[in-house]
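Before any comments, here is the structure.
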Amino acid sequence: MSPGRPSRRRLTLLAATALAGLLTLSACGDGNKAGGGGNTNFVTGSGGISTVAKADRVAAPKLDGNDLEGKPLDLADYRGKVVVLNVWGSWCGPCRLEAKYFAQVAKETADQGVQFVGINTRDSQRDAAVNFEKDYGVTYPSFFDPIGKLILRFPKGTLNPQAIPSTVVIDREGKIAARTLQALDADELHKMIDPIIAEK
């Protein structure tokens with residue numbers, strides 16, 4: 001056995017592990033990922049929307065970085081609002097299908113204390129993401145997160161985004177309230193966020 005062979009095996013294992021992670025995060029349009037294992041305290045409805053009772057919710061992770069134009073963006077600035085966090089990529093077909101609905105509902109709910117925020121991922125160039133937002137009339141900010149660092153901040157076993165697209169709703173107290181791992185139209189999006197908007 002040559003001295004270099006174990007090193008190649010380790011590289012192959014690392015590559016396989018990285019590929020498995022990439023496939024999990026870029027399962028564009030899959031929408032069939034299971035929730036976290038164990039006692040997760042969340043329920044997935046027939047529409048693929050998972051929710052957590054108010055008493056069982058956990059805090060959303062700290063999400064901060066830069067937007068698509070390189071300006072600072074911090075989720076903490078929206079504390080006290082319902083935040084609709086959408087993970088998307090300009091290359092993702094289901095993301096293109098849902099984008100116009102997200103732009104529409106963001107405008108419809110702005111005066112109800114709702115803030116939409118995107119996490120753009122797997123786009124190596126900002127231009128592709130910026131053009132996507134222009135094409136679909138998206139006016140709310142998005143983090144530029146080309147390698148998925150922000151997505152990995154979500155704790156395992158919570159309603160974490162596991163596919164692209166994913167949508168996570170954070171309540172006014174900064175806690176994770178709902179998630180879906182599939183593209184949504186306007187009606188489905190309202191069904192997901194309206195009960196959280198109505199909470200006192």
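Worth knowing before you read on, the calculation uses all heavy atoms, side chains too, and leaves out hydrogens, waters and symmetry mates. Values in this document were obtained by computation on a predicted structure and should not be read as measured data.
- Checked against ring-ring contact (aromatic ring centres under 6.0 Å, His included), Tyr140 has the following partners two or more places apart in sequence or in another chain: Phe116.
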Practice task
Just do the side chain to side chain contact (heavy atoms under 4.5 Å, CB included) check on Val87 and Thr121 with the steps written out, would you?
Solution key: CA-CA 7 Å; Val87 180; Thr121 193; 3.9 Å; yes
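- Evaluation of the salt bridge (Lys or Arg N to Asp or Glu O under 4.0 Å) test over residues 130-145, restricted to residues two or more places apart or in two chains, returns none.
- Atom CD in Gln162 sits 4.5 Å away from atom CG in Asn160 (nearest 0.5 Å).
- The two residues Ala99 and Val138 have their closest heavy-atom pair at O-CG2, 4.3 Å.
- Partners of Asp171 according to the side-chain contact (heavy atoms from CB on, under 4.5 Å) rule, which considers only residues two or more places apart in sequence or in another chain, are Arg57, Glu173, Lys175, Ala177, Ile196, Glu199.
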Practice task
Dump the intermediate steps for side chain to side chain contact (heavy atoms under 4.5 Å, CB included) on Ile119 and Leu85, then the final yes or no.
Solution key: CA-CA 7 Å; Ile119 298 180; Leu85 194 63; 4.0 Å; yes
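- The distance from the OG1 atom of Thr167 to the CD1 atom of Ile49 is 9.0 Å, given to the nearest 0.5 Å.
- For Asn120, the side-chain hydrogen bond (donor to acceptor under 3.5 Å, both in side chains) criterion is met by Asp123, not counting sequence neighbours.
- Applying the ring-ring contact (aromatic ring centres under 6.0 Å, His included) criterion to Phe132, with sequence neighbours excluded, gives Trp88, Tyr136.
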Using a 3.5 Å cut-off and no angle test, enumerate the donor-acceptor pairs between side-chain atoms of residues 106-115 and protein atoms at least two apart in sequence or in another chain.
unit_1, atom_1, unit_2, atom_2, d
Glu108, OE1, His190, NE2, 2.7
Glu108, OE2, Gln104, NE2, 2.9
Thr109, OG1, Val105, O, 2.8

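- No chain of hydrophobic side-chain contacts below 4.5 Å, direct or via other Ile, Leu, Val, Met, Phe, Trp or Tyr residues, connects Leu181 to Tyr101.
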Practice task
Show your reasoning for whether side chain to side chain contact (heavy atoms under 4.5 Å, CB included) applies to Val83 and Val169.
Solution key: CA-CA 6 Å; Val83 176; Val169 182; over 6 Å; no
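- We find the OG1-CG distance between Thr51 and Leu159 to be 8.0 Å, quoted to the nearest 0.5 Å.
- Note that CZ of Arg122 is 12.0 Å distant from SG of Cys95, once rounded to the nearest 0.5 Å.
- Between Leu189 and Asp185 the shortest side-chain heavy-atom distance does not fall below 4.5 Å.
- Smallest separation of non-hydrogen atoms from Tyr78 and Pro141: OH-CG, 3.7 Å.
- To the nearest 0.5 angstrom, Cys92 atom SG is 7.5 Å from Glu98 atom CD.
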Could you list the donor-acceptor pairs under 3.5 angstrom formed by side chains in residues 64-75, with sequence neighbours left out?
unit_1, atom_1, unit_2, atom_2, d
Asp64, OD1, Arg153, NH1, 2.8
Asp67, OD1, Glu69, N, 2.8
Asp67, OD1, Gly70, N, 3.0
Asp67, OD1, Lys71, N, 2.8
Asp74, OD1, Ala76, N, 2.9
Asp74, OD2, Lys62, NZ, 3.4

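- Other residues, nucleotides and ligands place no more than 12 heavy atoms under 6.0 Å from the NZ atom of Lys149.
- For the ring-ring contact (aromatic ring centres under 6.0 Å, His included) test, no residue two or more places apart in sequence or in another chain qualifies with Phe154.
- With contacts defined as side-chain heavy-atom distances shorter than 4.5 Å, the pair Pro94/Gln182 does not qualify.
- In plain terms, the two heavy atoms of Thr180 and Met192 that are nearest each other are N-CE, 3.5 Å.
- Between the CD1 atom of Ile151 and the OG atom of Ser166 there is a distance of 7.5 Å, given to the nearest 0.5 Å.
- In this view, Ala59 satisfies the side-chain contact (heavy atoms from CB on, under 4.5 Å) rule with no residue, not counting sequence neighbours.
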